Amino acid sequence: MSTSTARSFLSEACYGEQELDANSALMELDKGLRSGKLGEQCEAVVLFPKLFQKYPFPILINSAFLKLADIFRLGNNFLRLCVLKVTQQSEKHLEKILNVDEFVKRVFSVIHSNDPVARAITLRMLGSLASIIPDRKNAHHSIRQSLDSHDNVEVEAAIYAAASFSAQSKDFAAGICNKVSEMIQGLDTPVELKLKLIPMLQHMHHDASLASSSRELLQHLVNSYPSTPMVIVTLHTFTQLAASSLIDIPKQLQLLLQYLKDDPRKAVKRLAINDLKLLAKKAPHLWIRENTQTLCECALNSPYNSLKLGMLAVLSTLSGTIALKQYFNNMTGGPSVPPRLTDLVKLAQECCYHSNLAVAAHGVIVLSNIAISCPEKDIVQLEQDTVLGVESLLMLCSQDSSPSAQATLKTALTSLVKLLKGRPHLSQSAVEFLLSQLHLSCDSSRVLMCHALAAIATHLPVLGDGMLGDLVDLYRVASHSSTDKQQELLVSLATVIFVASQSSLSAEVKTVIKQQLENVANGWTVYRIARQASRMGCHEFSSELYQSMRTRVASEHFYFWLNSLKEFSQAEQCLSHVEDGDYSGAMGAIAEALRSYQKGIASLTAASTPLSPLTFQCDFIKLRIDTLQALSQLICTCNSLKTSPPPAIATTIALTSGNDLQRCGRIAMQMKVCMDEFRSLAARYADLHQSSFDADYATLRNVELQQQSCLLVSHVIEALILDPQAASFQEYGTLGSVQTESEYERRMMSVFSHVLEEVEGLTKKHPPVSHLHTGCLCDAVIALLKVPLSFQRYFFQKLQSTSIKLALSPSPRTPSEPIPVQSSQQLTLKVEGVVQHGSTPGLFRKIQSVCLNVTSVLQSKTGPEYKIPLDTKTNEIEQQVEPHNDYFSTQFLLNFSVLGTHSVTVEASVVDESGIEWKTGPKTTVSVKSLEDPYSQQLRHQLQQTAAQPAIQRSAYARF
């Protein structure tokens, strides 16, 4: 039969397409496995990894692997090879096999075959299963036997299996070490086989004695077998063993540097350089000054560019770590050497002007890292040398569009931006140089330079005005065709212009950009530029661009998305016209903005689909709407002091009631309501922040700033009116000194600091409440409104995607049917889960553990009516479990002593590597029906009968 059904069903389901369940998928593949045709059997086998990816729960994976084990046991060698490949591809699912004994038993039976190829495939299969059967003695014995086989294929398979088991099992590694040593040192073992056996020693790191004996053997081999292949394999195994055991890294560094310095063979030197780079990444803190100095001397004396490039790559890795400080700290106690006179600086300066671009790039990295980390004295000349080196490399690469030149240019620009962040006084001349080079460079180089200029202008906004003229002139002549690079250049240039203009675009700049977009830009380019304008706060311009694009899309969902963006931009544009002191104008602007926002949220809801629900966007906009309404209400409340001032007897009422707030009259209670509203908004912003696990750092910072603005307003209300005596400003004292990453953050922090200063000055001079206090509050609202809102990346684009899929057992037969459980027993609820990732897992943060919270609530009671203690009505248990290979499993013991229907809710949240908890969900609910057990039921009936008998007798006697 054909497996087309399985293929179509395992393919990604489109929107609205009916998906089959996991059992149906397995049945379809099982039909293929039972086919009489070898091709269909193989086709079914190779589809299993996709099945595991789509349905990654143990019950299916266990059944599937047992079927594969049967195919492995009964099929031919080609089918066995296919099963082996599937097992190797599905390594992360192996621990979900429930019947490990049965699975291994079926696979292991083939080891007794007379066919050495079948035995070899079985050995490789056992090696692939080493993570779940590390201490199976029969597998250990078979591997030992096969190492003595006369068939090369079987021996190679045994070596692979032995290496896999050595990495997993301490007992196997200790037992096999002597045998491997004998084989390596044996005269009858061919050299080719020795070369394959030696890498096995890198796994002998389970304890110090094993690692020490393996290291002695490797040292003996290096000295006894000086041939190039043997030295290369032995040295690399040496390095891997040292990196795993950690204690021998300093000795290994000396050994590698010795070979790099003394061995004349280029292949050995290249291997030593690669291993040194591995150790530089693994343990830079163990590189002492002498190690780095030896590497510098080798690089200075090497005549080969390829080797010099490798050594510089090691040094550039070290230059960004603590090893650089260890190099410049004089450990020997001799005379202090200025940084400029050290070999490392000499080497970096020499390489900055090297004819090989890759060598020059590493030279620039090293030199800029030295300039950043060195102390202030003796640094002026070094800074100038670094800037000259970077500029010469930029000049060389900017007119070359080859991939190598572009990679070098990107490296040089990254180093330059990093240098300017550490040494801001160099920025002006560097920006002037970049602007002059922009006119002479090729398009791909211009894009990279624009990215660098945007990073510099974001960090140092004072340089923005100086860039603007050159950038606009370049935009006029930037694009003459619609090639991809030209489109990319239009976006990059527009981004730099938005950053430099600081959200206030002039009419001339808008005209220039629009003209270019009309001439050569495609729709995607226009959208990207509009998106950047929304991010930088240029809402009037972004609104016009969204308006022009709405009717140029192919889907109504895209139309509604663009229409919502247009409305949001118009709403923010309304707020930009607010003037200081114009409170009625501010209320009118907020009302106009809210109208646009309400239209936008309707369009945004229409743009969402089941596959793209736009949850973050809707929540963010709803919070923005509620914040604007709260700000408008606060201005109204402040105005009520004029329309409804405190009565003349307010002071008397305050003294009589003992409530000092009564002196302020009606406004005090209104202000308390406003304060509570802003605190509620801050809590909702905190919830939004906590639920955005996949958001980038800038988006999260944006949400934090919105939350802080709400907290600021509530604090100001409390400090000015409700409780001036208890208000404290000390915790806000560091706001001005916080390092900001964007123009929006800088402006918000400036507003926060200014408002707090005004409030602190006012509370010390005037008692509440007067027009000064309400004016100060209204001014704070206007100051917050005047900062253009920034729509960050996560609003438009999700770069990281993480979701959790839960499975509960026992599970009901149908969703509406409850799970029955007797009241005298406890229910064991097993919760299994799978972490699913998008294309770039762990881009911003990774999952450290999953927190599972199980709660049960009594929905309806079926037993007799009597008072039930609260703790017997509910269960509330929380557990943290660490996922392994994106899978986790745990169990909860729940008590349902009260008869009736209970609702059990399981909610998952994740904890990242920093220990921060994120409310990612999902939340799953099942119903449990607590039934009376038969014994209790029998006792109850007996009690009812005994209670009824005296009543019958009494009624009979009463007749007489």
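Just so you know, these numbers come straight off a predicted model, no measurement behind them. When reading the values below, keep in mind they use all heavy atoms of this one structure, side chains included, and skip hydrogens, waters and symmetry mates.
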### Query
Where does the angle between the aromatic ring planes of F52 and F48 fall among parallel (under 30°), tilted (30 to 60°) and perpendicular (over 60°)?
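Tilted: the ring planes of F52 and F48 meet at 30° to 60°.
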
### Task
Specify whether F616 and F795 have parallel, tilted or perpendicular ring planes, treating 30° as the upper limit for parallel and 60° as the lower limit for perpendicular.
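Perpendicular.
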
### Message
Under the side chain to side chain contact (heavy atoms under 4.5 Å, CB included) test against L79, which residue among L68, L38, L33, L74 passes?
### Response
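Among the candidates, only L38 passes.
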
Would you tell me whether [X] and [Y] have side-chain atoms, one donor and one acceptor, within less than 3.5 Å of each other?
| X | Y | value |
| --- | --- | --- |
| S146 | E154 | yes |
| S909 | E917 | yes |
| H689 | E704 | yes |

Is the shortest side-chain N to carboxylate O distance from [X] to [Y] below 4.0 Å?
| X | Y | result |
| --- | --- | --- |
| D70 | K67 | no |
| R80 | D115 | no |
| E913 | R845 | no |
| D687 | K919 | no |
| K846 | D912 | no |
| R34 | D30 | yes |

### Task
Could you walk me through whether S35 and Q41 pass side-chain hydrogen bond (donor to acceptor under 3.5 Å, both in side chains), step by step?
CA-CA 6 Å; S35 169; Q41 284 182 305; over 6 Å; no

### Task
Would you mind telling me which of E95, E91, K96 makes a side-chain hydrogen bond (donor to acceptor under 3.5 Å, both in side chains) with H93?
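Running side-chain hydrogen bond (donor to acceptor under 3.5 Å, both in side chains) over E95, E91, K96 with H93 returns exactly one hit, K96.
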
#### Entry: Evaluation steps, salt bridge (charged side-chain N to carboxylate O under 4.0 Å, His left out), between R106 and D101
CA-CA 9 Å; R106 296 179 191 183; D101 292 339; over 6 Å; no

Side chains of [X] and [Y], heavy atoms from C-beta outward: is any pair under 4.5 Å?
| X | Y | result |
| --- | --- | --- |
| N178 | V180 | no |
| L193 | I159 | yes |
| S128 | L84 | yes |

Distance, nearest 0.5 Å, that separates [atom1] of [X] from [atom2] of [Y]:
| X | Y | atom1 | atom2 | value |
| --- | --- | --- | --- | --- |
| H206 | K170 | NE2 | NZ | 9.0 Å |
| Q145 | L147 | CD | CG | 10.5 Å |
| Q168 | S131 | CD | OG | 5.5 Å |
| S149 | E156 | OG | CD | 11.0 Å |

### Query
Quick one: does NZ or CZ of R136 land under 6.0 Å from the six-membered ring centre of F165, within 45 degrees of the ring axis?
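So R136 doesn't make the cation-pi contact.
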
### Query
Could you go step by step and tell me if S801 and D694 meet the side-chain hydrogen bond (donor to acceptor under 3.5 Å, both in side chains) rule?
CA-CA 6 Å; S801 177; D694 293 318; 4.9 Å; no

### Task
Give the intermediate values and the outcome of side-chain hydrogen bond (donor to acceptor under 3.5 Å, both in side chains) for residues Q879 and T890.
CA-CA 8 Å; Q879 277 193 44; T890 190; 2.6 Å; yes

